[in-house]
A.B. asks: 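I'd like to ask you about the structure that follows.
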Protein chains: 2
Amino acid sequence: MSEPDRAATKEKFLQFLDQKNLRITSQRRAIVDTVFSTDQHFTAEQLLEWAREKDSSVSRATVYRTLPLLTESGLVHEMDFGKDYKIYDPNYADHPNHNHIICNDCDKIVEFESERLDALESEISGKLGFEVESQQLRINASCEEMKRVGACKNKGE
Amino acid sequence: MSEPDRAATKEKFLQFLDQKNLRITSQRRAIVDTVFSTDQHFTAEQLLEWAREKDSSVSRATVYRTLPLLTESGLVHEMDFGKDYKIYDPNYADHPNHNHIICNDCDKIVEFESERLDALESEISGKLGFEVESQQLRINASCEEMKRVGACKNKGE
DNA sequence: ATCAATGCAAATAATTTGCAAAAAG
DNA sequence: CTTTTTGCAAATTATTTGCATTGAT
């Protein structure tokens with residue numbers, strides 16, 4: 001997602017707040033600016049840290065109260081990768097069906113999209129009597145580097 | 001998974017314990033008997049409750065200590081459906097690549113397998129430089145019944 | 001006997017919430 | 001002014017862990 005795209009997505013979220021008659025406080029602005037200034041995945045804790053760089057008055061509670069608004073708007077997705085915290089992904093506005101490959105060794109996450117995959121999912125679901133609303137595909141994999149060298153550089157966060 | 005299949009899977013797990021020189025205690029037996037007596041998904045808390053019906057001395061701690069053994073053996077999978085607890089699925093022994101469709105309204109979970117899907121995932125991953133180790137596809141959907149009647153019978157657990 | 005496994009209760013850690021004070025509209 | 005939002009600190013809740021004891025081999 002390019003920079004102007006992110007700005008447009010942020011705008012959509014501000015409109016979403018407006019439609020719900022929710023106020024745009026300085027803390028919310030800092031959080032939203034943070035979220036839509038990157039296409040990196042983040043945790044609640046990371047978002048708190050980054051938002052505080054813009055506005056040190058942002059509290060953990062406000063971050064946790066804003067995250068459900070972000071996910072409800074559909075512009076940010078919540079993901080559970082089996083860790084004890086959730087990961088948030090701000091890249092769904094332009095790529096609503098993207099999937100993730102996670103390297104088992106270095107935890108690097110690669111995103112990809114596939115129309116063939118989407119079509120196949122719809123076809124299978126339809127045969128079972130369902131209509132796809134959303135989907136999440138996670139592939140755990142080993143990467144070439146791991147196969148060659150035995151481990152990824154990034155290992156050990 | 002049929003009853004004899006489940007019995008065979010249980011046997012595999014007991015062998016897994018043996019290979020690791022882990023002891024087969026009465027509590028572990030109750031837990032394992034429970035897990036492989038059904039193909040229902042379950043939570044840690046449900047497993048505790050069911051296992052206690054067989055052996056009331058089973059403690060929550062032992063359930064939580066046994067679950068990692070079950071997942072490590074590959075015979076049970078841990079799944080995160082975005083709830084605040086994990087769900088365990090004992091149906092992977094015979095169907096290691098199965099996927100889930102979750103009805104948005106009644107939370108009913110349908111499992112399915114597809115070789116075409118597996119092949120497509122491998123193909124895409126390979127092009128990106130990864131080798132698939134495992135995959136989890138979750139499809140959130142609305143079911144026919146919901147579309148027709150407006151809601152599923154099961155709604156509200 | 002030996003060492004793994006247990007139950008208990010306390011600890012952990014992410015997330016949620018009650019409440020009085022502050023700020024948006 | 002009125003109502004929402006905030007920060008704080010306490011509460012919640014699934015899961016984990018230390019430890020003395022029990023039980024499998």
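Source: prediction; values computed, not measured. Naming: A, B, ... by sequence-line order, numbering from 1 per chain.
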A.B. asks: Go through residues 65-74 of chain A and report each residue with a non-hydrogen atom lying under 4.0 Å from DNA chain C, sorted by number.
C.D. replies: A/Arg65
A.B. asks: How about A/Thr34 and A/Ser37: does a side-chain donor come under 3.5 Å of a side-chain acceptor?
C.D. replies: no
A.B. asks: Please figure out whether A/Ile31 or B/Arg60 has its closest DNA chain D nucleotide nearer the 5' end.
C.D. replies: A/Ile31
A.B. asks: What is the distance, to the nearest angstrom, from the CZ atom on B/Phe42 to the P atom on D/dA14?
C.D. replies: 17 Å
A.B. asks: If I take atom CZ in residue A/Arg29 and atom P in nucleotide C/dA24, what distance separates them, rounded to the nearest angstrom?
C.D. replies: 10 Å
A.B. asks: Determine: side-chain N/O of B/Arg28 to OP1/OP2 of C/dA5, distance under 4.0 Å, yes or no.
C.D. replies: yes
A.B. asks: Side chains of B/Asp89 and B/His77: do they bring a donor and an acceptor to under 3.5 Å?
C.D. replies: no
A.B. asks: Tell me whether A/Glu121 contacts the main-chain N or O of A/Asp118 through its side chain, where contact means a donor paired with an acceptor under 3.5 Å.
C.D. replies: no
A.B. asks: Starting from P on C/dT15, measure out to CG on A/Leu48 and report it in whole angstrom.
C.D. replies: 12 Å
A.B. asks: Give the rounded distance in Å between these two atoms: CG of A/Asp84 and P of D/dT13.
C.D. replies: 18 Å
A.B. asks: Would you say the side chains of B/Ser125 and B/Ser122 form a donor-acceptor pair under 3.5 Å?
C.D. replies: no
A.B. asks: Calculate the interatomic distance between A/Gln27 atom CD and C/dA22 atom C1'; express it in whole Å.
C.D. replies: 10 Å
A.B. asks: Is the phosphate of C/dA24 approached by A/Thr25 (side-chain N or O, under 4.0 Å from OP1 or OP2)?
C.D. replies: no
A.B. asks: For B/Glu45 and D/dT16, what is the distance between atoms CD and C1' respectively, to the nearest whole Å?
C.D. replies: 15 Å
A.B. asks: OP1 or OP2 of C/dA23 versus the side-chain N and O atoms of A/Arg23: is any pair under 4.0 Å?
C.D. replies: no
A.B. asks: What is the distance from NZ of A/Lys86 to P of D/dT13, rounded to the nearest Å?
C.D. replies: 14 Å
A.B. asks: For A/Leu22 and A/Arg52, find the nucleotide of DNA chain D closest to each by heavy atoms; which residue's nucleotide sits nearer the 5' end?
C.D. replies: A/Leu22
A.B. asks: Determine whether the side chains of A/Asn140 and B/Gln135 contain a donor N or O and an acceptor N or O closer than 3.5 Å.
C.D. replies: no
A.B. asks: Starting at CG of B/Asp18 and ending at C1' of D/dA24, how long is that distance when rounded to a whole Å?
C.D. replies: 13 Å
A.B. asks: Hey, are A/Gln27 and A/Asp55 close enough side-chain-wise for a donor-acceptor pair under 3.5 Å?
C.D. replies: no
A.B. asks: Could you tell me whether B/His98 and B/Phe112 have their ring centroids closer than 6.0 angstrom?
C.D. replies: no
A.B. asks: It should be established whether B/Tyr64 places a side-chain nitrogen or oxygen under 4.0 Å from OP1 or OP2 of nucleotide D/dT16.
C.D. replies: no
